4 protein chains.
Amino acid sequence: MFIRIDLNSEETLYSQLSNQIKYGIAKGYLKPGEDLPSVRGLASELGINLHTVAKAYNRLKEEGIININRSRGVKVSKQVLTNRGTDYETILHGKITKLVSEGICHGIEKDEFMQMVEKIFDGLEGEQK
Amino acid sequence: MFIRIDLNSEETLYSQLSNQIKYGIAKGYLKPGEDLPSVRGLASELGINLHTVAKAYNRLKEEGIININRSRGVKVSKQVLTNRGTDYETILHGKITKLVSEGICHGIEKDEFMQMVEKIFDGLEGEQK
Amino acid sequence: MFIRIDLNSEETLYSQLSNQIKYGIAKGYLKPGEDLPSVRGLASELGINLHTVAKAYNRLKEEGIININRSRGVKVSKQVLTNRGTDYETILHGKITKLVSEGICHGIEKDEFMQMVEKIFDGLEGEQK
Amino acid sequence: MFIRIDLNSEETLYSQLSNQIKYGIAKGYLKPGEDLPSVRGLASELGINLHTVAKAYNRLKEEGIININRSRGVKVSKQVLTNRGTDYETILHGKITKLVSEGICHGIEKDEFMQMVEKIFDGLEGEQK
DNA sequence: GTGGTCTAGACCACA
DNA sequence: GTGGTCTAGACCACG
């Protein structure tokens, strides 16, 4: 797995985990429909608690990014990358607004910010194929 | 004040507060050098504890966005909007990467995301004058 | 613990506490990676409030000297003793300048001051092994 | 005057002021026996409160660094640079120990620290004569 | 009147 | 169990 957990981060473990899975999907490391490791498997691979992995998976399920099935295991949703949740645009708008506000406070210009976004998008989608 | 606190939000109170102050600065409601309400004043206006306000103010101080002065109160930094901290670009890069990854997982396209950013920037900076 | 708090000191409690922890690390009483007492444990041992201990710990965390982890407790950073913060030299320079200026005002000679520094260093590092 | 006050500093105004006067003496800008500005004069020159200057002067008087006389004004003590207070070495020892401990925690080596001290001493005393 | 420190005690999220 | 957040109320230093 491509996942790296930082035990000393401010961010909670389950949040790091779900963010890295999102990153992995965006980057193309994980394809729609692909299997994810079992809760137990990933927990032991990362050396963290089973409940922590379960919590991360549940958050992703609630976001519609993965599917969890008792018998068939955990899979990346087939609709990921194409299908957005009902209110996602509103949520995203709020998150971007926060980030842009903060950026402006630190003297980041619009062009600079947008170039950063563009570069990050290209870096992610370039490898998705 | 333009600040609204949601006691039921997932976000902590002090974090809501500091984010809204950043928004107020980005939007131009608060100018560089301008006074902010006293810790006690804002706390009673919002109906929250003074220590919560103090914590929000201290976070902003650490980010270099405001200045706090015992006995002279709290002011928006004069360097805000123009001066960025040493590592801020790295921090921002990480935050944008998380957000873009999540967006991609929800089927947001690059163009759509960038238009959103642009519109938000214009909405904020337009009123700054 | 080797920590002693003086309730009548001019220095704040949390500052005394963080200074003594720095001393303990420099002296070798606390090793990199080692556990520190829990916030509540140390507070009750010292007979002070847990928030005071938490504040001291948080200052040390911001300096990069310890790591704090919700639910795994507090540890001396493994990079302590080897890794300095970006601006630490500038900060240290300012602090030494103040101290040297004061020393000169009190008739301390350069040789005397430097011998004092040397002796203190030897006393601390001698026991670090 | 060579004194510069930073209203946004963490350090209190009176403490900045007394430290800068010590620095001025160490640097040779102020000679033993020389007059200092009156409380009122310095306060208005720096644009700060009269009580703040008075407090700084009183601290320096308690340290034996200046003399205050109702009719003759404020003067740098003639014994400054040559005469130390009774317990000054103990106080200095404590202050250096704190600083050295902190330095060690940040990976400062003995040689590096001592070179810094030496350079600072030379920079100050070189201009004293 | 300002923010800073300290105490006391509650509840919550994490793992 | 851990630290984090929030409340409540006291006292102090600064200017």
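Since this is a predicted model, take the numbers as computed values, not measurements. Residue numbering restarts at 1 for every chain, and letters A, B, ... go by the order of the sequence lines.
With sequence neighbours excluded, no residue forms a side-chain hydrogen bond (donor to acceptor under 3.5 Å, both in side chains) with A:His51. The side chain to side chain contact (heavy atoms under 4.5 Å, CB included) search around B:Asp87 returns none, not counting sequence neighbours. The ring-ring contact (aromatic ring centres under 6.0 Å, His included) check on C:Tyr88 picks up D:His106, with sequence neighbours excluded. B:Thr90 is linked by a side chain to side chain contact (heavy atoms under 4.5 Å, CB included) to nothing, counting only residues two or more places apart in sequence or in another chain. Under the side chain to side chain contact (heavy atoms under 4.5 Å, CB included) criterion, D:Ser9 pairs with D:Asp6, D:Glu11, D:Gln16, not counting sequence neighbours.
The shortest side-chain heavy-atom distance between A:Ile104 and A:Ser101 does not fall under the 4.5 Å cut-off. Within the 4.5 Å cutoff, no side-chain heavy atoms of A:Asn58 are placed close to those of A:Tyr14. Inter-residue side-chain proximity for B:Val76 and B:Ile25 is flagged as met; some heavy-atom pair is nearer than 4.5 Å. When side chains are defined from C-beta on, B:Leu50 does not count as touching B:Leu42, because their heavy atoms never get closer than 4.5 Å.
Sequence order on DNA chain F of the closest nucleotides to B:Arg40 and B:Arg59 puts B:Arg59 first from the 5' end.
Near-neighbour residues of DNA chain F inside residues 4-14 of chain C, defined by a heavy atom below 4.0 Å, are absent. Within residues 69-79 of chain B, the residues having any heavy atom closer than 4.0 Å to DNA chain F are, in order of number, B:Arg70, B:Ser71. Of the residues in residues 42-57 of chain B, those placing a heavy atom less than 4.0 Å from an atom of DNA chain F are B:Ile48, B:Asn49, B:His51, B:Thr52, B:Lys55, in numerical order.
B:Ser71 and B:Asn69 are not linked by any side-chain donor-acceptor pair at a separation below 3.5 angstrom, with hydrogens and angles left out of the test.
To the nearest 0.5 Å, atoms OG (A:Ser77) and CD1 (A:Ile68) are separated by 12.0 Å.
Mapping heavy-atom proximity under 4.0 Å, the span of DNA chain E touched by chain B runs 5' to 3' from E:dG1 to E:dC6.
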What would the secondary structure line of DNA chain E be in dot-bracket form, counting Watson-Crick and G-U wobble pairs under 3.5 Å, with [ ] for pairs that cross earlier ones and | for pairs with another strand?
||||||||||||||.

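For the side chain to side chain donor-acceptor pair (under 3.5 Å) condition, the pairs that include at least one residue of residues 32-48 of chain B, sequence neighbours left out, are B:Asp35-B:Lys75. Residue pairs meeting the salt bridge (charged side-chain N to carboxylate O under 4.0 Å, His left out) criterion with at least one partner in residues 52-72 of chain C, sequence neighbours excluded, are A:Glu10-C:Lys61, C:Lys22-C:Glu63.
Of the residues C:Leu36, C:Asn67, C:Ile65, the one that meets the side-chain contact (heavy atoms from CB on, under 4.5 Å) test with C:Tyr57 is C:Leu36.
Not one N or O on the side chain of C:Thr52 forms a donor-acceptor pair closer than 3.5 Å with the backbone of C:Ile48.
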